[in-house]
Amino acid sequence: MAMAVQVASLWLPSSSTTPTHLNLLHSFGSKSKPPSSSSSAVSATSSLSSPTPTIQIVGGRNPTWYENGNANDAFEDDWYDLDTDLYHWTKALRPVQWYPGHIAKTEKELKTQLKLMDVVIEVRDARIPLSTSHPQMDLWLGNRRRILVLNREDMISTADRNAWATHFAREGMKVVFANGKLGMGAMKLGRLAKALAADVNVRRRAKGLLPRAVRAGIVGYPNVGKSSLINRLLTRRMCPAAPRPGVTRELKWVHFRKDLELLDSPGILPMRISDQTAAIKLAICDDIGERSYGVADIASILVQMLARLPSVGTETLNKRYKMDADGYCGKTYVQKQAVHLFNGDTHQAAFRILTDFRKGRFGWIALERPPR
């Protein structure tokens with residue numbers, strides 16, 4: 001079924017010819033009948049009181065979420081379409097890249113320390129479990145025992161939680177859902193780490209050696225909550241933690257009682273992020289340095305994503321900001337909010353939208369679903 005979505009005027013090329021890769025989306029909030037696949041439109045005005053130049057993109061599904069057939073199939077199709085749209089929305093943006101000097105040093109040291117670990121605890125953001133998975137992690141870990149922690153479980157719905165639990169169970173991975181701020185899942189994580197590595201001391205006793213503490217390394221992207229989980233396990237603040245990327249800058253071993261040693265590590269990222277849809281999600285969730293992206297660009301894309309998600313939609317945006325979101329592209333919406341609430345300061349308006357999402361003020365929202 002044909003569908004059309006609107007892309008912010010920010011992404012209009014200077015050329016009069018619209019690239020074919022942008023012929024894809026739908027004006028969010030529109031309930032009108034989608035145009036035929038052969039139609040396209042570019043409109044322009046200079047006033048903030050009406051939409052700025054937009055691209056009418058054709059293709060995909062109608063924005064009615066459960067129109068016909070199986071509701072679950074429709075739901076998964078909508079997520080697939082949203083991911084496809086997000087890929088095209090990012091095409092004209094400046095690439096999001098962030099690789100501060102301490103990460104290269106950490107990566108080198110971490111590879112050495114991995115040889116000493118009995119079990120590795122990989123922490124990911126529960127809102128974006130795929131985007132916070134390092135592409136080299138499987139290669140680094142090999143056959144080493146691994147526990148996957150999806151932190152910030154309080155920021156996703158029960159349905160999303162169950163979907164990811166089922167997905168990783170099928171892949172044979174041990175998964176713990178956690179909330180590093182409140183300590184939920186921390187004790188379970190400690191017990192599971194010791195249980196998985198229990199055979200270490202069995203082998204040592206067989207060799208006539210004394211038992212030693214289980215060594216567990218905690219790894220993951222920046223700002224996914226690694227240090228917070230350690231502090232909750234230890235029930236005291238042993239590792240620096242703050243709600244921003246790049247706080248932990250060196251490896252640090254800490255002891256949990258007498259039978260578990262934990263290695264806290266700085267967040268590690270690929271030197272170059274080739275998947276820019278993942279990079280955009282990292283920026284939205286504050287899992288990458290703010291210097292790597294334009295706040296207004298990221299907020300514009302977030303608005304378009306929220307408007308498409310059935311758990312949010314334009315009504316939630318309207319209620320939150322007392323503004324009508326229907327018919328506006330993401331950039332135009334941010335600009336109008338700047339005029340409405342921040343005396344025309346677009347940066348402040350964009351930052352407000354991102355902060356509201358990061359603090360869960362739009363509800364329990366995951367930005368990814370398990371792959372089909």
Side-chain angles (χ1 to χ4, degrees), residues 98-125 129-151 168 171-176 178 180 185-186 188-204 207 209 211-231 233-234 238-241 245-273 282 287-288:
W98 191 64
Y99 196 73
H102 73 274
I103 290 184
K105 178 183 176 183
T106 298
E107 185 176 311
K108 183 178 180 180
E109 294 176 348
L110 187 60
K111 290 177 182 177
T112 301
Q113 293 294 327
L114 280 172
K115 300 174 183 177
L116 305 175
M117 296 179 191
D118 304 311
V119 60
V120 176
I121 300 170
E122 182 188 0
V123 184
R124 301 185 193 177
D125 191 322
L130 300 181
S131 295
T132 46
S133 171
H134 197 291
Q136 299 296 314
M137 190 62 69
D138 290 340
L139 179 63
W140 292 344
L141 300 187
N143 295 324
R144 193 166 279 99
R145 299 174 184 87
R146 185 198 307 194
I147 302 171
L148 178 61
V149 176
L150 297 185
N151 195 30
F168 287 116
E171 294 193 345
M173 296 186 69
K174 301 286 186 182
V175 181
V176 174
K188 179 181 179 181
L189 176 61
R191 291 193 299 269
L192 183 56
K194 289 183 283 188
L196 283 180
D199 61 332
V200 170
N201 286 319
V202 172
R203 293 196 301 267
R204 288 179 64 85
K207 295 177 181 179
L209 300 174
R212 63 163 175 80
V214 170
R215 297 170 184 155
I218 298 186
V219 300
Y221 271 37
N223 203 35
V224 293
K226 302 181 296 297
S227 298
S228 295
L229 279 172
I230 291 178
N231 290 336
L233 267 172
L234 302 177
M238 291 292 293
C239 301
V247 173
T248 304
R249 302 185 72 86
E250 59 183 15
L251 300 176
K252 181 180 181 180
W253 283 99
V254 293
H255 295 270
F256 177 60
R257 298 174 183 168
K258 296 181 179 180
D259 51 0
L260 182 62
E261 294 179 354
L262 299 168
L263 177 65
D264 186 26
S265 64
I268 49 175
L269 288 165
M271 181 178 293
R272 182 171 181 80
I273 304 176
L282 292 175
D287 293 332
I288 194 169

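The structure presented is a predicted model; accordingly, all values stated were derived computationally and were not measured.
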Inset, instruction - Kindly state each residue pair satisfying salt bridge (charged side-chain N to carboxylate O under 4.0 Å, His left out) with at least one member in residues 132-142, sequence neighbours excluded. - result: Asp138-Arg146

Inset, instruction - Look at atom CZ of Arg272 and say whether more than 12 heavy atoms of other residues, nucleotides or ligands are closer to it than 6.0 Å. - result: no

Legend entry - Euclidean distance, Lys174 NZ relative to Leu192 CG, rounded to 0.5 Å: 6.5 Å

Inset, instruction - Verify side chain to side chain donor-acceptor pair (under 3.5 Å) between Trp140 and Glu107, making sure each step is shown before the conclusion. - result: CA-CA 10 Å; Trp140 292 344; Glu107 185 176 311; 5.1 Å; no

Legend entry - Pairwise distance CG(Asn201) to CG(Leu209) - rounded to 0.5 angstrom: 9.5 Å

Legend entry - Spacing of CG belonging to Leu141 relative to CD belonging to Glu122, to within rounding of 0.5 Å: 7.0 Å

Inset, instruction - Compare every heavy atom of Leu260 with every heavy atom of Ala193, then report the nearest pair and how far apart it is. - result: CB-CD1, 4.5 Å

Inset, instruction - May I have the step-by-step check of side-chain contact (heavy atoms from CB on, under 4.5 Å) for Leu263 and Leu116, ending in yes or no? - result: CA-CA 10 Å; Leu263 177 65; Leu116 305 175; over 6 Å; no

Legend entry - Close side-chain approach of Leu282 and Trp98, heavy atoms under 4.5 Å: no

Legend entry - From Arg204, Arg215, Arg212, Arg144, residue fulfilling salt bridge (charged side-chain N to carboxylate O under 4.0 Å, His left out) relative to Asp118: Arg212

Inset, instruction - Please tell me if the side chains of Ser133 and Arg124 come closer than 4.5 Å, counting only heavy atoms from C-beta onward. - result: yes

Legend entry - Those residues that, when tested against Arg191, pass salt bridge (charged side-chain N to carboxylate O under 4.0 Å, His left out) (two or more places apart): none

Inset, instruction - Supply the atom-to-atom distance Tyr221 OH to His134 NE2, rounded to the nearest 0.5 angstrom. - result: 5.5 Å

Legend entry - Atom pair CD1/CG of Ile147 and Leu196 - distance to nearest 0.5 Å: 4.5 Å

Inset, instruction - Taking salt bridge (charged side-chain N to carboxylate O under 4.0 Å, His left out) as the test, write out the residues that go with Arg145, two or more places apart. - result: Asp199

Legend entry - Shortest non-hydrogen contact from Ser265 toward Val219: OG-CA, 3.7 Å

Legend entry - Any side-chain heavy-atom pair of Val200 and Val214 under 4.5 Å: no

Legend entry - Closest non-hydrogen atom pair between Tyr99 and Leu269, with its separation: CE1-O, 3.3 Å

Inset, instruction - Give, for atom CG of Leu262 and atom CE of Met117, the distance between the pair rounded to the nearest 0.5 Å. - result: 10.0 Å

Legend entry - NZ/Lys111: more than 12 non-hydrogen atoms of other groups inside 6.0 Å: yes

Inset, instruction - Only one of Val123, Val224, Val176, Ile121 passes side-chain contact (heavy atoms from CB on, under 4.5 Å) with Leu229; say which it is. - result: Val123

Legend entry - Any Val149 side-chain heavy atom under 4.5 Å of Ile218 side chain: no

